[in-house]
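Remarks on the structure that follows.
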Amino acid sequence: MDLVQPDIVLDFCHQKEKGDIKQLLLKDRDNGEDQHHLAVVAIVGYGGLGKTRLAQYMFIKSSEFKKRFKMRAWVHVPYDDFNIGLLVQRIIDCNNLVAKPEVQMIGEQCIKPTKHPDHLDELYKELRKVISGNRLLLVLDDVWNMDSEMRKEFKGLFSDAGPGSRILITTRSKFVANNVTSRTEDVYTLSNLYGSYSWKLFKNRAGIEYKHISSEIEEIGKEIMEMCGGNPLAIATEGGKLQSINLETKDWSDFRDAGFHKVMNEEVLPLLKLSYNVLPQHLKHCFAYCGVFPRQSEIDVKTLIHLWMAQGLICPLRGQRAEDVGYEYFQDLFQTSLFEAVEVDPENGSVTKCKMPKLLQDLAVQIAGGMTKRLVAFNQYEKHGIDGRTQHVSSYFHLGSSWKIPTSFLQAKRIRTFVLPSQLHWETEGRLSHTTFETIVSNCKGLRALDLHNTGIQKVPKSIDKLKYLRYLDLSQNSAITSLPNSITNIPYLMTLKLSSCYGLEELPRDMKKLVHLKHLENDWCYSLTYMPPGLGQLTQLETLSEFVVKNDTELKELAVLNELRGELKIQNLRNDMDSGVAKLEGKKHLKSLILAWEVNNDSEQGAEGTLQGLKPHSNLKELALFGSSTFPAWLILLRNLVNQLPSLKVLTVEEMDNLEYISHESRQFLSSSSTAAFMPSLEELRLKELPNLEGWWQEEHPTSSLPPFGGRKRLVIEDCPKLRSMPLYPNLEEWLVLDNTSLETFIQTMNDGSSSEYCWG
């Protein structure tokens, strides 16, 4: 274990991190933790980021640490064995702690003790006696596993250490880091290096820091540096190899094109692969599959799980949802620092979008070997080695009308995945030909996941049912598709069908009911859909149904038994005379969001309240939107997850409801027992627009002085509300008020004279 030159990397990177971690370790805690508990700080990140280097700096180089900590101990922990007794034995055996309490406890011989120690009680007693009252810094390097019980026992052993003692842990596991620390701020996550820090480190290691180099050499050097993906170990290693290479353009180009990959595969990726080696077998398969995605691409976690499901990589037990188990798999990989979070659901903290560090993406490709092929050049399949071993293919360019299927692709009979992670997000003029689509179907019958989103296809071939193993089909963003062949319903195990933004799609296949394994039907933004096929209610495994387009009451009944629906459901084309209760929305406890939209020409108010009452959702609902309704539902107050959020609501918009007269019939639905209590105290912006019949907030008559005030209002916009005559008070309107086609007199009565807002009215 090399502990001699820890700052060879730190001189060029992690300067901020070095200062932050020093502060965490040296600063006294003001919450009593220093007096009663042993504080733990964790440095976490995937391999090669410099976790050990940072810890070495604190341990060896910093004079502040030498002065503050009378005892300093370093133990490297092997990934296959974290035993408390062995750890204590290592400390005592290696360093004679009793005789030399000030010694730095380091050494390779600490890593592999020959046997488990006997007489643990005596050993623990000896340890406590030695450390008692002494301020201790203990570094545990490269910890792979420590659960809550182990942490409790471990910290108990060192509880006799003096006030201000610290344990510093380096780990690749977020789970370990969160388990061993007591505060969020004690977990320090390292990230890749970019920009000037990477270039300074590279120049130093390549020996060109103080040399005059040509612009060509500099350009090649920066290309090599970029290929390292910001990983300090890779930058230092690859740069170091260039010290012995002549400063000639050809020599550096040759290294970039060939030597770089040899060094990466032999010296860098094996260290990163340690994180892979400790994974259970099912997670190894999931990790390797991620090689189909481009470097540093954003990956939608839900899509990733659906692709894993399509490949049979998720194995739920009886009673478990495959999607839930899939997210557990993802979390296991994420906690091992194999994924980075890009987007997190603010409500529950779940990761919704992620990415893989560049070198870990390369590692996934290396592990997959010939099974995964990433196509990085247009119409260059032959150069990418697609052969009989290839199972997963992805395109790194936008696939359109000019793409030609090469022979090697058609001869690879084992292809199970064809995805387009680099397809553009907007429509293009180029269209994938119908013949090309048919050729893929005819020659790749083993496909389990097929992605042809935004390829401009106009028609889905009837032969699609030849794909008997298909589980995942993405046809989204193909606006020219007007219908799907009924033969698609002959695909026996189809689980995910993505049709989002197929604007021209007029109907779904008539025999949709045959897709009994379908779990996810994404059909949002399919503007041309006018009805749903009969028998949809027989798809009892359906969990995602983005939009349900109503033609009559009978169709609504199809929703009755679809109680596994979750996420968002939008019901389109509602009318006020419908028997909406047949939908039985109240039984759908997993729904998070419900959008109810009335048909455009819904002028009749007869039966409006009855229709709304019949659409009462489960009380778990968290989001509700109404479009075209002439009233608000009486059951709104019963939605506890909605009502409980009203105190924290910051923006409220009500618009384009021609028949709406009052926001609520009764004030007591929204008020506390005190009539002077502020209503929606966190609301910062209120917009009421295009409500021609709105007369007031509450239908009940109230003197202006008795209306409850809004809380911290800053902005108020009311446009095209000519009949509005009463509103809650606005004592804190701070920024601006916009009134257009609305009575000013109403707001002279309801605004506090001390308001400092700007006014604008028309």
Side-chain angles (χ1 to χ4, degrees), residues 80 144-145 147 173-175 273 275-293 299-339 348 350-354 356 360-361 363-365 367-372 389-394 414-419 445-451 467-474 491-498 515-522 539-544 564-567 590:
D80 57 349
W144 290 82
N145 180 38
D147 58 28
S173 170
K174 298 182 180 74
F175 175 80
K273 194 178 179 182
S275 297
Y276 169 84
N277 291 338
V278 301
L279 295 174
Q281 198 64 33
H282 64 280
L283 293 183
K284 287 182 176 179
H285 293 314
C286 291
F287 174 78
Y289 185 81
C290 295
V292 301
F293 296 102
I299 304 171
D300 181 83
V301 175
K302 183 173 71 172
T303 297
L304 175 62
I305 292 171
H306 290 173
L307 288 170
W308 283 344
M309 290 169 58
Q311 302 302 322
L313 299 180
I314 297 176
C315 304
L317 301 175
R318 183 181 295 274
Q320 290 182 314
R321 289 180 67 243
E323 292 81 359
D324 292 340
V325 175
Y327 189 74
E328 290 176 8
Y329 287 10
F330 169 78
Q331 270 294 316
D332 288 341
L333 295 172
F334 175 72
Q335 293 293 334
T336 317
S337 300
L338 297 176
F339 284 110
N348 56 28
S350 63
V351 180
T352 55
K353 289 186 179 180
C354 66
M356 298 180 74
L360 292 180
Q361 197 90 38
L363 177 63
V365 174
I367 291 168
M371 292 175 60
T372 298
R389 298 173 301 163
T390 305
Q391 295 187 21
H392 310 295
V393 179
S394 60
R414 298 180 63 192
I415 293 179
R416 297 158 62 101
T417 300
F418 183 63
V419 292
K445 296 178 181 178
L447 277 171
R448 289 171 174 256
L450 175 60
D451 173 12
L467 304 179
K468 298 296 184 183
Y469 302 100
L470 195 65
R471 268 88 165 159
Y472 178 99
L473 178 60
D474 186 353
I491 302 176
Y493 299 107
L494 189 64
M495 293 188 293
T496 300
L497 178 58
K498 305 180 76 168
L515 295 173
V516 294
H517 293 285
L518 192 66
K519 302 188 74 174
H520 305 285
L521 175 57
E522 299 180 11
L539 305 183
T540 54
Q541 293 193 49
L542 205 60
E543 296 184 3
T544 302
E564 293 302 312
L565 290 178
R566 56 197 69 217
H590 303 296

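For the pair Y493 and R471, the tightest heavy-atom approach, listed with the atom from each and the gap, is O-CG, 3.4 Å. Nearest heavy atoms, L307 versus A449: CD2-CB, 3.7 Å. Closest approach of Q391 to R414, counting heavy atoms only: NE2-NH2, 2.9 Å. I367 and A288 make their closest contact through CG2-CB, 4.1 Å (heavy atoms, listed as atom of the first residue, atom of the second, distance). In terms of heavy atoms, S275 sits closest to L279 at O-CG, 3.4 Å. The shortest non-hydrogen separation linking G291 to Q361 is CA-NE2, 4.2 Å.
Between V301 and T352, the closest side-chain pair of non-hydrogen atoms is not below 4.5 Å. For the pair V516 and Q541, the minimum side-chain heavy-atom distance is 4.5 Å or more. Put simply, the side chain of F334 does not reach to within 4.5 Å of the side chain of C354, judged on heavy atoms. Annotation: side chain of K498 is in contact with side chain of T303 (closest heavy-atom distance under 4.5 Å). Contact check for C290 versus M356: side-chain heavy atoms found under the 4.5 Å cut-off. At a threshold of 4.5 Å between non-hydrogen side-chain atoms, the residues L360 and F339 do not count as touching. In this structure, the side chains of T540 and E564 stay at 4.5 Å or more apart for every pair of heavy atoms. Looking only at side-chain heavy atoms (C-beta outward), T496 and T544 stay at 4.5 Å or farther from each other.
From L333, atom CG reaches atom CD of E328 across 12.0 Å, with rounding to the nearest 0.5 Å. Between the CG atom in L542 and the CZ atom in R566 there is a gap of 11.0 Å [rounded to 0.5 Å]. Expressed to the nearest 0.5 Å, how far CD1 of I314 lies from CD of Q320 amounts to 11.0 Å. Distance check, rounded to the nearest 0.5 Å: NZ of K353 to CD1 of I299 gives 11.5 Å. For the atom pair SG (C315) and CE (M309), the distance works out to 11.5 Å, reported to the nearest 0.5 Å. Note that CG of L494 and CG of L467 are 10.0 Å apart. Values are rounded to the nearest 0.5 Å.
In Y469, the OH atom is not crowded: 12 or fewer heavy atoms of neighbouring residues, nucleotides or ligands sit closer than 6.0 Å. A 6.0 Å sphere centred on NZ of K445 holds no more than 12 heavy atoms belonging to other residues, nucleotides or ligands. Within 6.0 Å of the NZ atom in K174, the count of heavy atoms belonging to other residues, nucleotides or ligands exceeds 12.
D300 is linked by a salt bridge (Lys or Arg N to Asp or Glu O under 4.0 Å) to nothing, counting only residues two or more places apart in sequence or in another chain. Taking F293 as the reference, nothing meets the ring pair (Phe, Tyr, Trp, His ring centres under 6.0 Å) condition, with sequence neighbours excluded. Every residue meeting the side-chain contact (heavy atoms from CB on, under 4.5 Å) condition with F175, not counting sequence neighbours, appears here in chain and number order: S173, N179, Q335. Listed by chain and residue number, Y276 satisfy the ring pair (Phe, Tyr, Trp, His ring centres under 6.0 Å) test with F287 (two or more places apart in sequence, or in another chain). Not counting sequence neighbours, the partners of K519 by the salt bridge (Lys or Arg N to Asp or Glu O under 4.0 Å) test are E323, E543.
Sequence neighbours left out, the pairs with a member in residues 306-318 that pass side-chain hydrogen bond (donor to acceptor under 3.5 Å, both in side chains) are H306-H520, Q311-R416, Q311-T417.
When each of L313, L304, L283, I305 is tested with Y329 by the rule side-chain contact (heavy atoms from CB on, under 4.5 Å), just one qualifies, namely L283.
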